[in-house]
Amino acid sequence: GLNERSAAGIGYEKIILSPASHASYYPGGSVMTLKVIFERETERILGAQIVGFDGVDKRIDVISTAMQAGMKVSELAELDLAYAPPYSSAKDPVNMAGFIAQNVLNGTVKQFFYDDLSELENEDVILLDTRTSAEYERGHADGFDINIPVDDLRERLCELDSSKSVYVMCQSGLRSYIACRILSQNGFDCYNFAGGYRLYESINKDCFDVKSNTSCGAELFAAQKNI
């Protein structure tokens, strides 16, 4: 099933996030995509991969050191790392990886991944995109025919069949996480797409959008409006 994963006999989970290289309000930032794999039972960090530009080496070095020190993946959330707007955010991407891992481990959120999409084609489920209508119209994942922006979701829950599982996507995974919290608190069985549409598009179109350099794609949207 979607949540039963093992490798070399090890029960593991993976998380994928697309944080900005530094504070999004400071100019010149770019997005990185970070994947961390860890053992469910022990929280042992098994490995990490990162794609991006500024600051990718720094984050991999931190995770590599954490692995050598035997830290648990949840302990990444508590690391006190250097911060200044040109170089990071107050919550560093490594911290964010720890927070997401905590949410997965404690059951706050359930995930699905790109490789799971083919399985969902034959399932009686709801595929929901929670980005803005303008973002959705510029492109969306195959089968995600329902678009309800996360800001409108509470008022439009009646449009969704609560007897069906809901699989949610946004640009980076942040708004879909918020949507999953809203849905789960209203009795829905829901799953968050790890990495967001940005990751989906990069795989489908074999491209990496450096311009999409904020957590929700807002800066890209503003730039495209002005073209």
Side-chain angles (χ1 to χ4, degrees), residues 14-38 45-69 71 73-104 109 111 113-114 130-132 135 138-139 150 169-178 192-227:
K14 62 183 176 182
I15 57 172
I16 304 171
L17 59 155
S18 297
S21 59
H22 62 236
S24 58
Y25 59 81
Y26 192 91
S30 59
V31 162
M32 60 185 70
T33 295
L34 172 61
K35 178 170 77 172
V36 180
I37 303 173
F38 56 93
I45 304 169
L46 301 173
Q49 295 173 302
I50 192 166
V51 177
F53 301 90
D54 292 344
V56 293
D57 55 336
K58 168 177 158 180
R59 274 70 188 210
I60 280 293
D61 282 347
V62 170
I63 295 174
S64 176
T65 303
M67 291 174 66
Q68 191 166 354
M71 292 180 62
V73 67
S74 60
E75 293 177 324
L76 297 178
E78 307 304 323
L79 288 175
D80 190 7
L81 302 171
Y83 163 65
Y87 303 105
S88 183
S89 297
K91 299 296 185 186
D92 189 85
V94 176
N95 296 132
M96 296 308 298
F99 291 133
I100 295 172
Q102 288 176 347
N103 285 340
V104 170
V109 65
Q111 303 183 102
F113 301 90
Y114 184 87
T130 57
R131 296 174 298 155
T132 65
E135 289 174 287
R138 285 197 301 272
V150 67
M169 185 181 292
C170 73
Q171 184 68 18
S172 70
L174 173 59
R175 286 173 289 178
S176 53
Y177 165 75
I178 295 170
N192 185 29
F193 183 72
Y197 179 75
R198 181 178 176 279
L199 178 66
Y200 173 91
E201 186 178 40
S202 71
I203 297 172
N204 252 24
K205 297 184 178 180
D206 193 23
C207 65
F208 190 84
D209 189 358
V210 65
K211 294 182 294 181
S212 182
N213 62 350
T214 65
S215 59
C216 65
E219 188 165 327
L220 174 61
F221 175 56
Q224 290 180 334
K225 280 182 65 179
N226 293 327
I227 292 175

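What you see is a predicted model; the values in this text were computed from it and never measured. Heads up: numbering here begins at 1 and tracks the sequence.
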Does a sphere of radius 6.0 Å around CG in D57 hold more than 12 heavy atoms from other residues, nucleotides or ligands, not counting ones at 6.0 Å or beyond?
yes

Does F113 have K14 sitting over its ring (NZ/CZ under 6.0 Å from centre, angle to axis within 45°)?
yes

Tell me, do F53 and S21 make a side-chain contact under 4.5 Å, heavy atoms counted?
no

What closest approach, in Å, do G28 and H22 show between heavy atoms, and which atom pair accounts for it?
C-CE1, 3.6 Å

Heavy-atom closest pair (N95 atom, L76 atom, distance to 0.1 Å) is ND2-O, 3.0 Å

In terms of relative ring orientation, are Y114 and Y200 parallel, tilted or perpendicular, with 30° and 60° separating the classes?
tilted

Euclidean distance, Q68 CD relative to I45 CD1, rounded to 0.5 Å:
12.0 Å

To the nearest 0.5 Å, tell me how far L79 CG sits from I63 CD1.
9.5 Å

Just verifying a value: how many Å separate Q171 CD and T132 OG1, rounded to the nearest 0.5 Å?
9.0 Å

Nearest heavy atoms of S18 and T33, plus distance in Å:
OG-OG1, 3.5 Å

Between Q49 (side chain only) and K35 (backbone N and O only), is there a donor and an acceptor less than 3.5 Å apart?
no

Under the side-chain contact (heavy atoms from CB on, under 4.5 Å) criterion, do I100 and Y177 qualify, and how do the steps go?
CA-CA 10 Å; I100 295 172; Y177 165 75; over 6 Å; no

Charged N to carboxylate O under 4.0 angstrom, E135 versus R175?
yes

Any chance you could measure M71, atom CE, to T65, atom OG1, to the nearest 0.5 Å?
10.0 Å

Contact summary for F193 and S176, nearest pair of heavy atoms
O-OG, 4.4 Å

OH/Y87: more than 12 non-hydrogen atoms of other groups inside 6.0 Å
no

Here the gap from I37 atom CD1 to I15 atom CD1, rounded to the nearest 0.5 Å, amounts to 10.0 Å

Below 4.5 Å, heavy atoms only, C-beta onward: do S172 and R198 meet side chain to side chain?
no

Minimum heavy-atom separation for V36 to A97, with atom names?
CG2-CB, 4.3 Å

Within-4.5 Å side-chain heavy-atom neighbours: K58 and V94:
no

Keeping S202 on the side-chain end and L199 on the backbone end, is there a donor-acceptor pair under 3.5 Å?
yes

Rounded distance (nearest 0.5 Å) linking atom CD1 of I60 with atom CG of L34:
6.5 Å

Kindly determine whether Q111 and I16 satisfy side-chain contact (heavy atoms from CB on, under 4.5 Å), including the steps that lead there.
CA-CA 10 Å; Q111 303 183 102; I16 304 171; over 6 Å; no

Work out which heavy atom in T130 is nearest to a heavy atom in C170; give both atom names and the distance.
OG1-CB, 3.6 Å

